[in-house]
Amino acid sequence: MLCDVRLFNSLTREIEEVVPVDGKTVKIYSCGPTVYRYIHIGNMRSFMLGDLIRRALRFEGHDVRWIMNITDVGHMTDELTDTGRDKMELAESDEGLSAAEIADKYTKAFLEDSDLVGIERADLYPLATEHIPEMIAIIDTLIEKGHAYEVEGTVYYDVTTFPGYGKLSGNTLDRLRAGHRQELAVDPSKRHPEDFALWKVAGPHRALKWPSPWGDGYPGWHIECSAMSMKHLGERFDVHTGGNDNKFPHHEDEIAQSEGAVGHRVTSIWVHGGFLQMGGQKMAKSAQNIKRVTDLAEQGVDPLAYRLLCFGTRYRSEMDFSWEALEAADSRVKQLRKRMADWAPAAGSIGAGAKGFDRRFRSAVAGDLDMPTAVKVANELVSAPDVPDGEKYALLATWDQVLGLDLERDARERWEPTDEITALVAERDTARAARDFAKGDEIRDRLQAMGLEVMDTPEGTRVRPR
RNA sequence: GGCGGGGUGGCCGAGUGGUUAGGCAAGGGUCUGCAAAACCCUGUACACCGGUUCAAUUCCGGUCCCCGCCUCCA
């Protein structure tokens, strides 16, 4: 039973069905991290979006190839010291590590954090620094086709040669001109203020640089994604994801580059995720309100609870982070796992009631990733009186392919009491049978102090980890 | 200045022209020796001002406030 998976396309502003252009494999490109610092849970929300799209597509039977770039070139010069150093280089001197070591360190941390929040590894994580020749080739083509021009070692894209400029963000050239912020100085080398750099000449202090037909330099801000997406997914692929801030200028410029170079549409559906806010502000290093995934774990919260928390909000909406809400999600995910541990999975087929829930869940997920509804359906299933426990288990275990909350954890990791606990439990049951409640309560306190949940059942005392 | 997104009950947040979102927290109840777990019940929310309508949180107009992009940025 396949649902058509539909996604909101930022380009057309409509919800569209995902249909692989090659008829076989859905190809997804996600804008990944810049690896000169740790990524935070706001970044992570966007990366989870790519993972969720892949999970949703697979869930409905699609073959999927998902790649996420790693930006290991810092593109921006350091405007404070004007030394021409980029962020990779600044991190390098701050930490006493080489650029490659910095990139390695933060790439590794990024992948570990991804694992913690249930992101399944992408099929490929291409590195920007390993695609310089591909970038140069595209820039060459753009110059040949009249879309780009060189000025003293720097190559600019001439936006007036690309009629579709602005179609993604709404920032068309006339509007950009109307709204030009006065305080920004215009680079005198550009033919038009809206032109952007494809390749930049290396300054005297620049260490991260590569030879090119225009002299030593480094790639512009957006060309890496054009190069890596088309190299690994082809000149026509299906889905491109990123955070809302990538829309302009990054993706607008990427469209101009890629389409300008190959002469046709490259990406079918553009998907952009809303920001995570913290204290009414975008979570960002500059706002000093960042939290890492590891910070959540340090607070005793399962990082997967953050995943459930994110599912409470539609991916396109901004989301407010609060510890209170995170703890609510943490309680819930732990509760769900405990419930499942009490249910034996049903063998064989499921009944009509369960099928109805499954239909609702699938249609929510397939309908532009409506996870709030999907989670609601899961909640309703858990307390549905007319669905046998075994079927609930079977369904939740299946849905977890999309949810990725490790709902079977408690059921899988059968918890065994130690001899000490078993002895205490027996002692308590004996005391209670003799109506020695003072002693029974005392033992209960001890068990609770050991981090256990103590429940009385018709069969006597039952304990499990809290 | 240009482009775009918001203001929903204690918290996070769906959604809709008239009928319960959901979760967590809180209060009450069933059960229990007391608890816990489980189950049941409860809160009468939609920034403000007009307008349209039999009926608006949901549509229209205006006001206030918040946030994002326009510069590396998920």
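In what follows, chains are A, B, ... by sequence order, proteins preceding strands, each numbered from 1.
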| query | For RNA chain B, what is the dot-bracket line, given that a base pair needs Watson-Crick (N1 to N3, plus N6-O4 or O6-N4) or G-U wobble (N1-O2 and O6-N3) geometry with both distances under 3.5 Å, and | means paired with another strand? | reply | (((((((..(((.....[...))).(((((.......)))))....(((((..]....))))))))))))....
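Side-chain N/O atoms of A:Q335 include one lying less than 4.0 angstrom from OP1 or OP2 on B:A38. Residue A:R332 has a polar side-chain atom (N or O) positioned under 4.0 Å from OP1 or OP2 of B:C24. Within the 4.0 Å cut-off from OP1 or OP2 of B:C39, at least one side-chain nitrogen or oxygen of A:R339 is found. OP1 or OP2 of B:A74 sits under 4.0 Å from a side-chain N or O of A:N43.
Judged by atom type and distance alone, A:R432 reaches the base of B:G33 through a side-chain donor-acceptor pair under 3.5 Å. Put simply, the side chain of A:R444 and the base of B:A36 share no donor and acceptor less than 3.5 Å apart. The base of B:G4 has none of its N or O atoms less than 3.5 Å from a complementary donor or acceptor on the side chain of A:N244. A donor-acceptor contact under 3.5 Å links the side chain of A:K282 to the base of B:C73.
Listed nucleotides B:A36, B:C70, B:C34 differ in distance to A:M455; the shortest reach to its side chain belongs to B:A36.
A:G166 comes within 4.0 angstrom of no nucleic acid atom, judged by non-hydrogen atoms across all strands. Within the nucleic acid shown, A:N246 comes within 4.0 Å of sugar-phosphate atoms alone, with no base atom in reach, counting heavy atoms only. Within the nucleic acid shown, A:L276 comes within 4.0 Å of at least one base atom, counting heavy atoms only. A:H250 comes within 4.0 angstrom of no nucleic acid atom, judged by non-hydrogen atoms across all strands.
A distance of about 9 Å separates the P atoms of B:G9 and B:A47, rounded to the whole Å. Using C1' as the reference atom, B:U58 and B:G6 are 16 Å apart when rounded to the nearest Å. Rounded to the nearest Å, the gap between the C1' atom of B:G7 and that of B:A14 is 15 Å.
In the model, A:E224 has a side-chain atom that pairs as donor or acceptor with a side-chain atom of A:N69 under 3.5 Å. No hydrogens or angles considered: a donor-acceptor pair under 3.5 Å links the side chains of A:W66 and A:S30.
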| note | Heavy-atom contacts, protein to nucleotides 6-17 of chain B, under 4.0 Å, summarised as B (base), S (sugar-phosphate only) or - (none) per nt, yield -----SSSSS--
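The residues A:E453 and A:K338 are annotated as salt-bridged, a charged nitrogen and a carboxylate oxygen being separated by less than 4.0 angstrom. Ionic pairing of A:R428 and A:D445 is not present here: no N-O contact between side-chain nitrogen and carboxylate oxygen is shorter than 4.0 angstrom. Classification of A:R464 and A:D410 as a salt-bridged pair fails, no side-chain N sitting under 4.0 Å from a carboxylate O.
Using bins of under 30°, 30° to 60° and over 60° for the plane-to-plane angle, the ring pair A:H250/A:H222 lands in the tilted bin.
A:H232 and A:H131 have their aromatic ring centers within a separation under 6.0 angstrom.
When rounded to the nearest whole Å, the span between CZ of A:F437 and C1' of B:A35 equals 12 Å.
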